[in-house]
Student: 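Handing you this structure, nothing more for now.
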Amino acid sequence: GGGGGGAQGWAAMKAAFTAKEYRQLLELMHLGMWTVTGYQGEDTAAAKRYYALDQKLLQLATEAGCADLVEKHTDGSLQPAPKLSEDERVREIQSEFQNDVFWHEIVTRLADRDHAGEHVKRAMDTPGVEPPPSRDDQLKKIEDRYWAEFEKHDLANIVLLRGGRG
């Protein structure tokens, strides 16, 4: 087969995988595509960037002893079979990732919000005094407070004020 390296003139790469290693490669590809397509779907530039490689790896699955991990979609494209996409380990990785993203995002966004408010307040309360600690140091301090709170109480103490700022 072809598959040369284009302008670099590289030879086609050949690599031997056990069925177990190829399964792990398919898991990584599935997790990668799941991350890239995320909530935005498959019509993004990022998803299109990896689509051909995803299809190629899924196509080679049969040859690698992993035919049971791939199925053909109605449009002819290949996709991970439920045996892969609904695998307990894969689902656990996805769940942990989503949980981590949630907590990091909420802490970062709350710290940014609080920092902006404290910065304005400090400028009004103490004009012309020595400069405050660096933005990164201030944010780290605020984030540390949120991490301590969330680790101790989860979301129990979060209150949303509707229609205004508190």
Student: What distance separates Q94 CD from N99 CG, expressed to the nearest 0.5 Å?
Tutor: 13.5 Å
Student: To the nearest 0.5 angstrom, please state how far the CG atom of D87 sits from the CD1 atom of I93.
Tutor: 8.5 Å
Student: F150: which residues meet the ring-ring contact (aromatic ring centres under 6.0 Å, His included) condition with it, sequence neighbours left out?
Tutor: W103, Y146
Student: Give, for atom CG of D112 and atom NE2 of H115, the distance between the pair rounded to the nearest 0.5 Å.
Tutor: 8.5 Å
Student: For L139 and A111, work out which heavy atoms get closest and say how close.
Tutor: CD2-O, 3.5 Å
Student: Heavy atoms only: give me the nearest C66-Y22 pair and the separation to one decimal.
Tutor: SG-CB, 4.0 Å
Student: Return the minimal non-hydrogen interatomic distance between S85 and V90, and the atom names on each side.
Tutor: O-CG1, 4.3 Å
Student: Find the distance between CG (L110) and CG (D114) and round it off to the nearest 0.5 Å.
Tutor: 6.5 Å
Student: Which pairs of donor and acceptor atoms, one on a side chain in residues 25-42, lie under 3.5 Å apart (sequence neighbours left out)?
Tutor:
| unit_1 | atom_1 | unit_2 | atom_2 | d |
| --- | --- | --- | --- | --- |
| E27 | OE2 | R23 | NE | 2.9 |
| T35 | OG1 | L31 | O | 2.8 |
| T37 | OG1 | M33 | O | 2.8 |
| Y39 | OH | Q98 | NE2 | 3.1 |

Student: Is there a donor-acceptor pair closer than 3.5 Å between any side-chain N or O of S95 and the backbone N or O of R91?
Tutor: no
Student: Are there more than 12 heavy atoms of other residues, nucleotides or ligands under 6.0 Å from atom CD of E86?
Tutor: yes
Student: Is E21 reaching over with its side chain to a backbone N or O of T18, donor-acceptor style, under 3.5 angstrom?
Tutor: yes
Student: Identify the heavy atoms of D68 and A81 that sit nearest to each other, and give their distance.
Tutor: O-CB, 3.6 Å
Student: Would you name the heavy atoms of A19 and G65 that are closest together and state the gap between them?
Tutor: CB-O, 4.3 Å
Student: Going hydrophobic residue to hydrophobic residue with side-chain gaps under 4.5 angstrom, can you get from W147 over to L155?
Tutor: yes
Student: I need the minimum non-hydrogen distance between D137 and P133, along with the two atoms involved.
Tutor: CB-CB, 4.2 Å
Student: How many angstroms lie between atom OH of Y51 and atom CG of D43, to the nearest 0.5 angstrom?
Tutor: 11.0 Å
Student: Check whether any side-chain heavy atom of K72 lies under 4.5 Å from a side-chain heavy atom of L78, and answer yes or no.
Tutor: yes
Student: I'd like to know if K140 pairs up with D136 as an ion pair, taking the criterion as any Lys NZ or Arg NE/NH1/NH2 lying under 4.0 Å from an Asp or Glu carboxylate oxygen.
Tutor: no
Student: How far does CD of Q79 sit from CD of Q55, to the nearest 0.5 angstrom?
Tutor: 9.0 Å
Student: Taking a hydrophobic cluster as the set of Ile, Leu, Val, Met, Phe, Trp and Tyr residues connected by side-chain heavy atoms closer than 4.5 Å, whether directly or through intermediates, do I158 and I142 fall within one such cluster?
Tutor: yes
Student: Within the supplied structure, the quantity of interest is the number of heavy atoms (other residues, nucleotides, ligands) at a distance under 6.0 Å from R109 CZ; does it exceed 12?
Tutor: no
Student: Do K20 and Q24 make a side-chain contact, defined as non-hydrogen atoms from C-beta onward lying under 4.5 Å apart?
Tutor: yes
